[in-house]
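Sequential numbering from 1 along the given sequence is applied to the chain's residues. These numbers were taken from a predicted model, which means no experiment stands behind them. The figures that follow rest on heavy atoms only: side chains count, while hydrogens, waters and symmetry mates do not.
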Amino acid sequence: MNTVDVSIIIPVYNVAEYLATCLESVIKQTIKSKEIIIINDGSTDGCYEILAEYKKEFPELIIINQENRGISETRNAGLRAATGEYIAFVDSDDFVELNMFEKMYLVAKRENADVVIGDYILYNDITDKENLNEDISDKEIIDRCISDKYEIEGIDKEGHIDKIEALKMFLLNDIKAYVWNKIHKREIFTEKKIMFPNFKVCEDTPVGFLLLAGSNKIYSMGEPLYYYRQRETSLTKTFSIKSMEDMLEGCYIMRDYLEKNPLLDEKLKDYYRVYLIKTLWAIHNKYFLKYCQTGQRSNYTEFRKIVSKQVKGIKISELIGNKKLTLKDKVNALLIKTGSYGLIFPILYKLRNQKAN
């Protein structure tokens, strides 16, 4: 099989408003040896027609049309089609600097890295267009290179990161689980049999962890090249029982991997507990936020069933003694452990709204 340097996988679902901007930024990449794999996941808003037009102009594009299967299976379809030495992902409502993958690939080869991590730019197109006070397209924004107007997130350091240190950073959320601000050697996916689980949310989390765990050399560029578009989504619409189950299942996948690798488990178990506790806090926070917004508590029984096992497994002595937990984390965990969180959150929510108004 002939290989290219980088396979760029773009999952597409109902993003007609943003799709052209994304495609322009990827098609114009300065890296010569690349393949662009676009998976249209049953879009109903005109994405199919946009992709058909781009295929006419750029016949080298690999476009896969499928019935709607969700983000995980869409990315997996891209992985199955990929032939590149390295794998990259771009979400179809985001866009990238035109030299992103050339820069990342050159660094990967120079440093013999399995994983290269870049920083990313939090991009709010509505806010920025208002600030510019003119009608400007996303394509023009890319061409003007005004990235200094945006907030940058990431590791903000350049150099090699020891694998154990990288996994600690991942579990402390210093290295984000996103797959789109990194490139990974494709052989990590194939040799370790890593695929995206069928999650509704947080499908990146276990995959990001397993990719770091399966790598030998990890390098951080400390340079922002990816524009992560900030779009408003309502938790009341997107959060569900399935979301809670997925968030915890991601934790279990990481836990199971560590338990099968005792030496790694010994070094990371406290960090995993931090991640689990923060996940439990996030689940409680999102559940009670939805409850406060809608007044509906119909899923309360399912909610308690999902989280109760993990809550019971938390020992107060472990909470107090875990030096990796901040004081805020410990307070939140104790509120969850004692069942006080559901009493306090609605009060804080009401006070916060009164202050905002």
Side-chain angles (χ1 to χ4, degrees), residues 1-10 26 29-37 75-76 78-90 96-121 152-196 204-226 254 257-258 260-261 263-265 267-268 271:
M1 179 186 293
N2 294 326
T3 64
V4 296
D5 292 341
V6 178
S7 296
I8 306 169
I9 298 172
I10 308 175
V26 175
Q29 285 295 302
T30 55
I31 187 171
K32 301 301 180 184
S33 178
K34 65 179 182 294
E35 63 181 2
I36 302 171
I37 304 170
R75 284 177 171 165
N76 288 339
L79 285 172
R80 287 190 288 269
T83 66
E85 181 182 3
Y86 285 83
I87 297 290
F89 294 92
V90 177
V96 297
E97 293 283 357
L98 301 184
N99 59 359
M100 174 174 175
F101 297 116
E102 180 179 20
K103 281 190 170 184
M104 297 189 88
Y105 181 75
L106 289 176
V107 166
K109 298 302 288 185
R110 185 190 74 210
E111 303 296 336
N112 192 27
D114 301 312
V115 179
V116 176
I117 306 172
D119 291 349
Y120 54 94
I121 299 148
I152 296 172
E153 286 193 352
I155 303 175
D156 193 28
K157 63 173 287 188
E158 182 175 357
H160 287 279
I161 306 175
D162 175 76
K163 179 164 70 175
I164 298 297
E165 185 61 28
L167 290 170
K168 289 178 180 178
M169 293 173 70
F170 184 95
L171 292 170
L172 293 175
N173 204 34
D174 295 327
I175 292 180
K176 305 296 183 183
Y178 307 132
V179 292
W180 40 249
N181 68 321
K182 308 171 182 73
I183 63 172
H184 303 86
K185 270 193 175 177
R186 184 166 61 90
E187 66 184 34
I188 305 177
F189 285 97
T190 56
E191 291 182 2
K192 306 297 182 181
K193 295 181 172 56
I194 298 173
M195 301 291 277
F196 289 88
D204 286 358
T205 301
V207 171
F209 180 86
L210 294 175
L211 288 168
L212 289 176
S215 65
N216 292 314
K217 289 188 177 181
I218 302 162
Y219 193 88
S220 171
M221 290 181 62
E223 181 177 358
L225 299 168
Y226 189 100
M254 294 187 290
Y257 181 88
L258 291 175
K260 292 176 182 176
N261 297 270
L263 294 178
L264 205 58
D265 188 39
K267 295 178 181 178
L268 296 176
Y271 294 87

J.: Considering non-hydrogen atoms only, spot the tightest contact between Ala166 and Ile175 and give its length.
T.: O-CD1, 3.7 Å
J.: Might you point out which heavy atoms bring Ala113 and Tyr219 nearest each other, and give the distance in Å?
T.: CB-CB, 4.0 Å
J.: Mind checking the CD1-CG spacing from Ile218 to Leu212? Nearest 0.5 Å is all I need.
T.: 5.0 Å
J.: Give a yes or no on whether the backbone of Lys157 and the side-chain of Ser220 come within a donor-acceptor separation of less than 3.5 Å.
T.: yes
J.: Got a second to check how far Phe89's CZ is from Ile37's CD1, nearest 0.5 Å?
T.: 9.5 Å
J.: Show your reasoning for whether side chain to side chain contact (heavy atoms under 4.5 Å, CB included) applies to Leu225 and Met104.
T.: CA-CA 9 Å; Leu225 299 168; Met104 297 189 88; 4.2 Å; yes
J.: Nearest 0.5 Å, please: how far is CD1 in Ile194 from CG in Asn76?
T.: 11.5 Å
J.: Distance check, rounded to the nearest 0.5 Å: Lys176 atom NZ versus Lys182 atom NZ?
T.: 10.0 Å
J.: Does the side chain of Met100 reach to within under 4.5 Å of the side chain of Gln29, using non-hydrogen atoms?
T.: yes
J.: Is the shortest heavy-atom distance from the side chain of Tyr271 to the side chain of Leu167 under 4.5 Å?
T.: no
J.: Can you find a pair of side-chain heavy atoms, one from Met195 and one from Arg80, that are under 4.5 Å apart?
T.: yes
J.: Quickly, which of Asp204, Val207, Ile87 forms a side chain to side chain contact (heavy atoms under 4.5 Å, CB included) with Arg75? Name it, please.
T.: Asp204
J.: Applying side chain to side chain contact (heavy atoms under 4.5 Å, CB included), run through Ile117 and Asn181 and close with a yes or a no.
T.: CA-CA 6 Å; Ile117 306 172; Asn181 68 321; 3.9 Å; yes
J.: Could you tell me which residues satisfy ring-ring contact (aromatic ring centres under 6.0 Å, His included) with Tyr178, sequence neighbours excluded, listed by chain and number?
T.: Tyr120, Trp180, Tyr228
J.: Not counting sequence neighbours, which residues clear side chain to side chain donor-acceptor pair (under 3.5 Å) with Lys163? List them please.
T.: none
J.: Looking at CG of Leu211 and CZ of Phe170, how far apart are the two atoms once the value is rounded to the nearest 0.5 Å?
T.: 9.0 Å
J.: Under 3.5 Å, is there a donor-acceptor pair between the side chain of Asp114 and the main chain of Asn216?
T.: yes
J.: Distance from Asn261 atom CG to Lys267 atom NZ, nearest 0.5 Å?
T.: 11.5 Å
J.: The criterion is side chain to side chain donor-acceptor pair (under 3.5 Å); which residues satisfy it with Tyr105, sequence neighbours excluded?
T.: Asp5, Glu85
J.: If you look at every heavy atom in Lys103 and Met221, which pair is closest and at what distance?
T.: CB-CE, 4.1 Å
J.: Looking at every non-hydrogen atom in both residues, tell me the closest pair between Ile161 and Met169 and how far apart they are.
T.: CG2-SD, 4.1 Å
J.: Quick check: closest heavy atoms across Gly154 and Asp119, and the distance to 0.1 Å?
T.: CA-OD1, 3.3 Å
J.: Mark yes or no for whether Glu35, through its side chain, and Val4, through its backbone, hold a donor-acceptor pair below 3.5 Å.
T.: no
J.: Considering non-hydrogen atoms only, spot the tightest contact between Lys217 and Glu111 and give its length.
T.: CD-O, 3.8 Å
